[in-house]
Amino acid sequence: MVLTAVAAPDRTILAPEPTFVMYRLLALTAGLRYVAVPLSAEGFALDREATLAAIRTHRPAVVFIAYPNNPTGNLFRAEDVEAIIRSAPGLVVVDEAYHPFAGASFMDALGVFPNLLVMRTVSKLGLAGLRLGILAGPPAWLAQIDKVRLPYNINCLTQLSAEFALGYGEVLHQQTEQICADRTRLMAAMARIEGVRVYPSDANFVLFRVSGRASQVFEGLKARGVLIKNLHAVGGPLEDCLRVTVGRPEENAAFIDALTDTLAE
Ligand SMILES: *Cc1c(COP(=O)(O)O)cnc(C)c1O
């Protein structure tokens, strides 16, 4: 809806990369130009100077910042995101899809910046099938975006299900707390395996690198009944990288066993 609202010939959408692939896909589908600014190779931080320079050059209508980022799992430095919001001539969407697993948010900054929108979803709370999210921002912007909203875009089954689920907010909260605790344990177990480099995560998944062996590890895990995400592309920023979602404790244990086995091959 944000992209439909701003879409016009020669407008540009900008995002750091690697990030959520839908920003690029939806921008191109809406006929917009898309510019990606590489994250720093070491640790996937925002390259502040490069991003600000790209904003000056391309004057993007919308900048997307996934906070925490997917698929790298890290939270960017808040000061860098703020610098982007201040210098952007158009909208900045801070996408907080993984907010339940992170200790930081830009929701409180909404009154401060006239060009900031904050997006969230119930998907990562285990309710992905509902197809429900929220967009918060300055009323003047929301009124414009509301004009492109399809009639009855949130169906009544979703409305009723969401109302029901949110009545059990405490259960959802306990689940996310559990996932965060299990994430710590999972990352520690992964870090103990030789040949595995684990990246910090503020999300419900963990990015890791296995030099020269990503596809072999992916296939080895799959043959052992564990399916994760292979992000490897030769020469790309995620070369040798895989992403595993934090599962139930027994699933995490099965993953660690399978990973240990596969790497011993
Ligand atoms: C999962 C995800 C979303 C939203 O997904 P929906 O299921 O469409 O709500 C948005 N942004 C990021 C970065 C995500 O990972």
Side-chain angles (χ1 to χ4, degrees), residues 1-5 13-30 32 34 36-39 44-46 51 60 62-78 80-81 84-85 91-107 116-137 142 145 148-150 153-155 157-159 161-163 165-166 172 175-176 179-180 183 199-208 227-231 237-238 241-247:
M1 284 166 58
V2 171
L3 293 179
T4 306
I13 306 306
L14 186 142
E17 269 195 11
T19 191
F20 191 46
V21 293
M22 294 307 290
Y23 307 145
R24 175 193 284 269
L25 206 75
L26 292 173
L28 297 181
T29 307
L32 293 150
Y34 178 85
V37 182
L39 293 172
F44 305 112
L46 277 174
T51 308
V62 183
V63 177
F64 280 101
I65 305 281
Y67 186 83
N69 191 36
N70 176 13
T72 57
N74 56 316
L75 272 175
F76 298 128
R77 279 161 40 104
D80 292 344
V81 177
I84 289 168
I85 299 169
L91 293 169
V92 177
V93 176
V94 174
D95 177 354
E96 299 191 348
Y98 294 97
H99 173 257
F101 313 99
S105 169
F106 271 82
M107 205 58 103
L116 171 65
L117 298 171
V118 176
M119 196 159 69
R120 288 192 188 166
T121 175
V122 300
S123 288
K124 302 324 181 326
L125 285 168
L127 302 170
L130 292 189
R131 314 308 309 135
L132 182 68
I134 62 167
L135 183 71
L142 297 184
I145 294 163
V148 301
R149 187 168 60 83
L150 296 176
N153 70 318
I154 298 171
N155 69 69
L157 283 179
T158 291
Q159 289 182 39
S161 309
E163 226 179 302
L166 294 176
L172 297 174
Q175 259 176 38
T176 55
I179 289 169
C180 290
R183 174 181 70 197
Y199 288 92
S201 173
D202 290 285
N204 64 341
F205 58 80
V206 180
L207 183 80
F208 65 104
L227 184 65
I228 63 166
K229 177 111 181 136
N230 187 0
L231 296 161
L238 297 173
C241 285
L242 298 149
R243 188 188 70 187
V244 61
T245 299
V246 182

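We use all heavy atoms of the structure for the numbers below, so side chains are in, but hydrogens, waters and symmetry mates are not. Numbering of ligands and ligand atoms starts at 1, following listing order.
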Trainee: When Asn69 is tested against each of Thr19, Asp95, Leu46 for side chain to side chain contact (heavy atoms under 4.5 Å, CB included), which residue passes?
Mentor: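 Among Thr19, Asp95, Leu46, the one that satisfies the side chain to side chain contact (heavy atoms under 4.5 Å, CB included) with Asn69 is Thr19.
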Trainee: Report yes or no: does Asn204 contribute a side-chain atom to a donor-acceptor pair with the main-chain N or O of Thr176 at less than 3.5 Å?
Mentor: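 A pair under 3.5 Å: no.
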Trainee: For residues Arg243 and Asn70, is any side-chain donor paired with an opposing acceptor at under 3.5 Å?
Mentor: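 There is such a pair between these side chains.
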Trainee: So, Tyr199 versus Asn74: side-chain donor-acceptor pair below 3.5 Å or not?
Mentor: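 Tyr199 vs Asn74: no donor-acceptor pair found between side chains.
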Trainee: Quick one: CE on Met22 to OG1 on Thr29, what's the gap to the nearest 0.5 Å?
Mentor: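 If we round to the nearest 0.5 Å, Met22:CE and Thr29:OG1 are 7.5 Å apart.
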Trainee: Could you tell me, for ligand 1, which of its N or O atoms are under 3.5 Å from any protein N or O, listing the pairs and their distances rounded to 0.1 Å?
Mentor:
from     : atom 1 : to     : atom 2 : distance (Å)
ligand 1 : 7 (O)  : Ser123 : OG     : 2.5
ligand 1 : 7 (O)  : Arg131 : NH1    : 2.9
ligand 1 : 7 (O)  : Arg131 : NH2    : 3.4
ligand 1 : 8 (O)  : Arg131 : NH2    : 2.7
ligand 1 : 9 (O)  : Thr121 : OG1    : 2.6
ligand 1 : 9 (O)  : Ser123 : OG     : 3.1
ligand 1 : 11 (N) : Asp95  : OD1    : 3.3
ligand 1 : 11 (N) : Asp95  : OD2    : 2.5
ligand 1 : 15 (O) : Asn70  : ND2    : 2.9
ligand 1 : 15 (O) : Tyr98  : OH     : 2.9
ligand 1 : 15 (O) : Lys124 : NZ     : 2.9

Trainee: Parallel, tilted or perpendicular: which one describes the rings of Tyr23 and Phe64, with boundaries at 30° and 60°?
Mentor: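 Ring orientation of Tyr23 relative to Phe64: parallel.
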